[in-house]
Amino acid sequence: MTTLPNSQPAAAKNTSSIRLKQTLAYYAAFIILGLTAASLGPTLPGLAGNLGIAIGAMSSLFPIRSLGYLLGSLVSGRLYDRFPAHPIIAAMM
(Lines give C-alpha, C1' and ligand atoms only; values in the text may rest on other atoms or scores of the structure.)
Protein backbone atom coordinates (compact mmCIF):
# COMPACT_ATOMS: atom_id res chain seq x y z
CA MET A 1 0.00 0.00 0.00
CA THR A 2 1.44 3.33 -1.03
CA THR A 3 0.36 6.69 0.22
CA LEU A 4 1.02 10.09 -1.19
CA PRO A 5 3.49 12.21 0.78
CA ASN A 6 0.91 14.83 1.76
CA SER A 7 -2.02 12.50 2.34
CA GLN A 8 -3.17 11.28 5.71
CA PRO A 9 -4.85 7.99 6.49
CA ALA A 10 -8.63 8.13 6.92
CA ALA A 11 -8.40 7.51 10.67
CA ALA A 12 -6.09 10.50 11.14
CA LYS A 13 -8.43 12.75 9.17
CA ASN A 14 -11.38 11.56 11.26
CA THR A 15 -9.49 12.23 14.51
CA SER A 16 -8.46 15.64 13.25
CA SER A 17 -12.06 16.46 12.36
CA ILE A 18 -13.28 15.41 15.81
CA ARG A 19 -10.63 17.49 17.54
CA LEU A 20 -11.50 20.52 15.43
CA LYS A 21 -15.19 20.14 16.32
CA GLN A 22 -14.34 19.82 20.02
CA THR A 23 -12.15 22.90 19.88
CA LEU A 24 -14.86 24.93 18.15
CA ALA A 25 -17.41 23.74 20.71
CA TYR A 26 -15.13 24.84 23.57
CA TYR A 27 -14.64 28.26 21.96
CA ALA A 28 -18.40 28.65 21.51
CA ALA A 29 -19.07 27.59 25.11
CA PHE A 30 -16.48 30.05 26.39
CA ILE A 31 -18.05 32.89 24.39
CA ILE A 32 -21.54 31.99 25.64
CA LEU A 33 -20.26 31.84 29.21
CA GLY A 34 -18.75 35.31 28.83
CA LEU A 35 -21.95 36.72 27.35
CA THR A 36 -24.08 35.33 30.16
CA ALA A 37 -21.65 36.58 32.81
CA ALA A 38 -21.67 40.05 31.27
CA SER A 39 -25.46 40.20 31.04
CA LEU A 40 -25.96 40.97 34.75
CA GLY A 41 -24.65 44.54 34.48
CA PRO A 42 -26.93 45.85 31.70
CA THR A 43 -30.01 44.08 33.10
CA LEU A 44 -29.50 45.32 36.66
CA PRO A 45 -31.82 48.39 36.44
CA GLY A 46 -34.62 46.32 34.89
CA LEU A 47 -34.18 43.57 37.47
CA ALA A 48 -34.24 46.10 40.31
CA GLY A 49 -37.39 47.68 38.86
CA ASN A 50 -39.15 44.33 38.51
CA LEU A 51 -38.28 43.35 42.07
CA GLY A 52 -39.12 46.78 43.47
CA ILE A 53 -35.82 47.33 45.27
CA ALA A 54 -33.01 49.87 44.92
CA ILE A 55 -30.05 49.17 42.66
CA GLY A 56 -27.72 49.57 45.66
CA ALA A 57 -29.42 46.62 47.34
CA MET A 58 -28.73 44.52 44.25
CA SER A 59 -24.97 44.89 44.73
CA SER A 60 -24.83 41.62 46.67
CA LEU A 61 -25.44 39.74 43.42
CA PHE A 62 -21.90 40.40 42.21
CA PRO A 63 -19.99 38.77 45.11
CA ILE A 64 -22.50 35.92 45.23
CA ARG A 65 -21.98 35.27 41.52
CA SER A 66 -18.20 35.37 42.00
CA LEU A 67 -18.44 32.95 44.91
CA GLY A 68 -20.47 30.61 42.72
CA TYR A 69 -17.80 30.72 40.01
CA LEU A 70 -15.09 30.05 42.58
CA LEU A 71 -16.89 27.05 44.09
CA GLY A 72 -17.79 25.74 40.63
CA SER A 73 -14.16 25.98 39.54
CA LEU A 74 -12.97 24.11 42.63
CA VAL A 75 -15.50 21.30 42.18
CA SER A 76 -14.97 20.99 38.44
CA GLY A 77 -11.18 21.03 38.89
CA ARG A 78 -11.37 18.11 41.32
CA LEU A 79 -13.67 16.18 38.98
CA TYR A 80 -11.47 17.02 35.98
CA ASP A 81 -8.51 15.37 37.72
CA ARG A 82 -10.42 12.17 38.50
CA PHE A 83 -12.63 11.52 35.44
CA PRO A 84 -12.43 11.87 31.64
CA ALA A 85 -12.09 15.52 30.73
CA HIS A 86 -14.60 16.13 27.93
CA PRO A 87 -17.74 14.94 29.75
CA ILE A 88 -16.75 16.90 32.88
CA ILE A 89 -16.15 20.12 30.93
CA ALA A 90 -19.43 19.70 29.05
CA ALA A 91 -21.35 19.16 32.30
CA MET A 92 -19.72 22.14 34.02
CA MET A 93 -20.55 24.44 31.11
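These numbers come from the heavy atoms of this one structure, side chains and all, not from hydrogens, waters or symmetry mates.
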Verify the neighbour count for atom CZ of Arg65: are there more than 12 heavy atoms of other residues, nucleotides or ligands below 6.0 Å?
-> yes
Other than Leu20, what residues sit in its cluster of Ile, Leu, Val, Met, Phe, Trp and Tyr side chains whose heavy atoms are under 4.5 Å apart, directly or through others?
-> Leu24
Hydrophobic cluster partners of Ile64 (side-chain heavy atoms under 4.5 Å) = none
So which heavy atom on Pro42 is nearest to which on Ala38, and how close?
-> CD-O, 3.1 Å
dist Lys21:NZ -> Ser16:OG (nearest 0.5 Å) comes out at 10.5 Å
By side-chain contact (heavy atoms from CB on, under 4.5 Å), which residues pair with Leu79, not counting sequence neighbours?
-> Val75, Phe83, Ile88, Met92
Non-neighbouring partners of Leu35 that pass side-chain contact (heavy atoms from CB on, under 4.5 Å), sequence neighbours left out = Ile31
Could you tell me whether a side-chain N or O of Ser17 sits under 3.5 Å from a main-chain N or O of Asn14, the two making a donor and an acceptor?
-> no
Residues pairing under ring-ring contact (aromatic ring centres under 6.0 Å, His included) where one sits in residues 20-54, two or more places apart or in two chains, turn out to be Tyr26-His86
Tracing side-chain links under 4.5 Å among I, L, V, M, F, W and Y, which residues wind up in one group with Ile55?
-> Leu40, Leu44, Leu47, Leu51, Ile53, Met58, Leu61, Phe62
